[in-house]
Amino acid sequence: MRSRFISPTAHLLCCNSNPDTPLHFLPTNLRLPSPQATVESLGRLVDGCASPSCLPTLRRLHCQLLTRGVLHPNPSMGIKLMRAYSSCGDPAATRQVFDVTPDRNIIFFNVMIRSYVSHGRYGDALGVYSGMSAYGVRPDHYTYPCLLNACKGAEHLLGGLQIHGAVTKVGLDSCPFVGNTLITMYSRCGVLSEAERVFKGMPYRDAVSWNSMVAAYAQKGEPDRALQICKQMAVSGGVRPNAATLASILPAMTSITSDDASLVRKLFDDMPRKGLISWNAMIAIYAYNSKVTDAVELYNQMVSEGVEPDAITFVSVLPACGDLSALALGSQIHDYVKKKKMCPNLFLENALVDMYAKCGSLQDAREVFDGMKEKDVVSWTSMISGYGMHGLGEDAVILFESMQKSGLKPDHIAFVSVISACSHAGMLKEGKHYFSCMMDQYQLIPTVEHFTCMVDLLGRAGCLEEAYDFVKKMPLEPDERVWGALLSACRVYQNMTIGLAAADHLFKLVPEESGYYVLLSNIYAKAGRWEDVTAVRNIMRSRGIQKSPGCSNVEFNNRVHKFLMGDKSHPQSREIYAKLDILVAKMKESGYVAVTDSALHDLEDEDKECHLAVHSEKLAIAFALINTSSGTPIRITKNLRICGDCHYASKLISKITGRKIVIRDMYRFHHFEDGACSCGDYW
DNA sequence: CAATCTTGGT
């Protein structure tokens with residue numbers, strides 16, 4: 001058995017045994033030990049080799065150790081060498097040192113096993129274990145956690161059970177290290193009941209034990225259980241929730257209630273010493289749950305408390321910037337990233353591309369995208385959907401084709417992006433092509449998102465019958481989004497019959513969603529059926545549904561200025577309304593007549609005009625016109641779909657003032673320039 | 001004597 005570990009060429013081992021890197025080709029500026037270096041100082045040099053770039057140095061040191069004959073008489077030197085090779089990413093070299101060492105103690109075995117585990121070579125790790133007893137070395141309380149990690153990594157429940165048995169037999173099951181690893185092993189192998197049994201049976205539970213249980217439930221998607229354990233931890237466990245606790249519940253923190261978010265925030269606030277990980281976890285929880293303002297606020301607080309953000313912080317904050325259209329903050333972060341040379345970093349660059357695209361700055365997005373050393377499907381998809389949002393379907397399609405040529409396989413989301421890009425650009429034929437391509441060429445089963453895109457594609461192109469037919473024939477139950485896409489198309493093309501059918505489904509599916517009532521009433525209003533508009537309004541009233549207030553944001557002086565419909569709370573309110581009066585007068589000279597069917601109520605025309613005049617996007621435009629110098633593009637983000645009147649008005653204002661106006665509504669970007677919009681009045 | 005182990009974040 002012993003010979004298993006001794007390689008037949010072990011005696012030949014030397015630093016230049018790898019034919020790819022002969023000694024005399026190695027860089028000469030490597031730090032080499034002086035001839036009188038002590039064993040201790042050699043050891044320190046070996047310890048200093050901790051990343052793949054140190055591998056050449058390490059090989060030369062290894063050579064020195066052999067020629068000086070200090071390796072085998074000093075077991076600690078062999079261990080240092082193995083550990084160094086392992087952290088340089090070379091488990092094979094680690095094994096070679098292991099194999100040629102004459103009298104291996106338990107630590108050699110432990111380091112060897114750990115090296116294999118950290119390189120994902122779980123089978124090899126377990127192989128070393130099975131050779132131990134024949135060599136006459138007994139596993140100890142350091143060995144078992146490593147082995148359990150191997151089973152965890154391989155999701156090898158049977159092996160885990162066997163090792164659990166061995167642990168119990170030698171009485172190491174009371175060791176907290178072993179117990180904690182047992183919990184995570186069982187949890188990763190999907191046996192939560194066993195994880196919980198180990199946890200309950202532990203004589204001494206530390207923070208890691210509690211956090212491991214929290215992680216187990218969080219990863220299983222049980223936020224309630226996970227939070228419950230967090231709370232128990234503080235009262236009965238005698239340990240306080242810490243950074244790792246927050247990080248552990250993260251996986252369960254998607255779409256949680258506001259109450260749960262506050263609960264987690266309280267855990268966070270109660271932490272006496274908050275480190276980077278705590279801040280990152282809390283910010284991520286806000287970002288996951290679309291609490292973007294909270295995420296950005298917490299980020300600002302973090303920076304003001306002197307905690308240095310890292311890439312993981314930004315990967316949470318940047319999507320929040322994108323959501324808020326906070327371009328100033330986003331590009332500030334980009335500057336910091338450049339200053340600190342944090343790239344290449346795939347995740348970070350993907351987040352930057354997405355942020356720039358969502359903030360309306362496609363050029364910046366493209367610049368980051370083009371500068372990426374490595375791109376994955378997410379990178380391409382972010383850029384494709386960026387083009388799609390801006391109505392640049394051609395560019396989206398070109399990029400989609402290049403992605404395929406680069407050898408990457410588009411996934412579900414990539415297809416959603418490209419089909420929706422086609423839809424927004426009116427590219428019916430291409431959209432249909434990608435829908436079948438995804439099934440035929442890539443064997444991807446379309447999900448309800450793809451059907452929604454297709455209904456949108458057909459609907460926007462005016463093929464309403466075909467769209468309706470498509471919905472009726474789809475193999476999945478059409479949901480809110482599918483009917484919503486159909487209803488929107490019916491508004492654009494004035495199709496009452498199909499519109500009513502879609503609205504009927506929507507009112508059953510989501511009776512509380514005000515947007516669909518508004519869409520239907522827009523259809524009636526455009527047809528002049530005011531009694532039906534009134535009927536819709538009455539239904540809304542009887543069901544207690546309020547139209548969600550329109551709200552527009554403009555970023556100015558590093559602050560996001562928020563305007564609601566008819567808002568008079570802004571300090572510059574008087575100026576804003578005065579500016580608006582002047583604008584409306586000028587617009588009327590250019591032939592502006594308010595598009596009154598955008599208003600929900602059957603008011604007298606003049607009243608409607610008043611209502612429309614104070615829509616939030618108009619206030620935001622007036623604000624930006626007052627405060628920025630001529631020529632500066634105006635960027636506005638709106639929570640709802642832009643209304644017909646504001647769309648028309650924005651076109652005129654862009655012509656009158658010579659300003660570019662970029663409005664992001666709920667669905668896409670509208671670039672207004674010289675009286676025209678990039679959406680081609682098709683939205 | 002020294003060397004080895006557990007949770008957790010894009």
Side-chain angles (χ1 to χ4, degrees), chain A residues 39-40 43-44 46-47 74-84 86 94 97-98 101 104-115 117-118 125 128 137 139-150 152 167 172 175-185 187-188 195 198-199 202 204-216 218-219 226 229-230 233 239 241-253 275-285 287-288 309-319 342 345-352 354 376 378:
Chain A
V39 174
E40 286 74 29
R44 276 194 296 276
V46 172
D47 280 340
N74 293 290
S76 74
M77 196 55 89
I79 287 160
K80 281 178 190 294
L81 197 55
M82 283 175 70
R83 207 181 46 155
S86 180
T94 313
V97 178
F98 178 79
T101 304
R104 279 166 268 153
N105 60 29
I106 175 67
I107 299 168
F108 280 88
F109 283 87
N110 290 345
V111 174
M112 192 63 243
I113 291 172
R114 187 170 129 74
S115 169
V117 173
S118 62
V128 175
V137 170
D140 66 1
H141 62 300
Y142 284 101
T143 321
Y144 288 112
C146 289
L147 294 169
L148 289 167
N149 269 338
K152 179 181 88 175
V167 160
L172 280 174
C175 165
F177 286 120
V178 175
N180 292 341
T181 326
L182 275 169
I183 293 172
T184 48
M185 184 277 293
S187 129
R188 182 72 62 85
V198 172
F199 176 74
M202 285 171 79
Y204 169 74
R205 295 183 205 117
D206 62 7
V208 178
S209 324
W210 286 92
N211 291 342
S212 302
M213 252 356 267
V214 171
Q219 280 157 20
I229 295 179
C230 286
M233 173 175 187
V239 259
N242 58 19
T245 318
L246 275 192
S248 301
I249 38 167
L250 245 180
M253 293 293 108
L276 180 62
I277 294 181
S278 315
W279 288 96
N280 282 354
M282 195 62 231
I283 292 171
I285 289 168
Y288 277 11
D310 68 352
I312 292 175
T313 321
F314 295 143
V315 169
S316 297
V317 178
L318 287 170
M342 295 167 87
N345 177 323
L346 186 63
F347 287 102
L348 190 51
E349 287 161 310
N350 284 350
L352 283 167
D354 189 62
D376 66 359
V378 178

With B for base contact, S for sugar-phosphate-only contact and - for none (protein heavy atoms under 4.0 Å), nucleotides 1-7 of chain B reads -BBBBBB
To the nearest angstrom, the CE-P distance between A:M282 and B:dT10 comes to 14 Å
Sequence neighbours excluded, the answer for side-chain hydrogen bond (donor to acceptor under 3.5 Å, both in side chains) partners of A:T313 is A:N280, A:D310
Applying ring-ring contact (aromatic ring centres under 6.0 Å, His included) to A:F199 and not counting sequence neighbours gives A:W210
Rounded to whole Å, the CD1-C1' distance (A:I229 to B:dG8) equals 15 Å
A:L348 atom CG is separated from B:dG9 atom C1', nearest whole Å, by 14 Å
With sequence neighbours left out, the residues meeting salt bridge (charged side-chain N to carboxylate O under 4.0 Å, His left out) with A:R83 are A:D47
Donor-acceptor under 3.5 Å (A:S212 side chain, A:V208 main chain): yes
Rounded to whole Å, CE of A:M233 lies from P of B:dG8 at a distance of 13 Å
Rounded to whole Å, CG of A:D354 lies from C1' of B:dT10 at a distance of 13 Å
Sorted by chain and residue number, the side-chain contact (heavy atoms from CB on, under 4.5 Å) partners of A:P145 (sequence neighbours excluded) come out as A:F177, A:V178, A:T181
Mind checking if A:Q219 touches a base, just sugar-phosphate, or nothing, with heavy atoms under 4.0 Å? sugar-phosphate
Those residues at least two apart in sequence (or on a different chain) that pass ring-ring contact (aromatic ring centres under 6.0 Å, His included) with A:Y144 are none
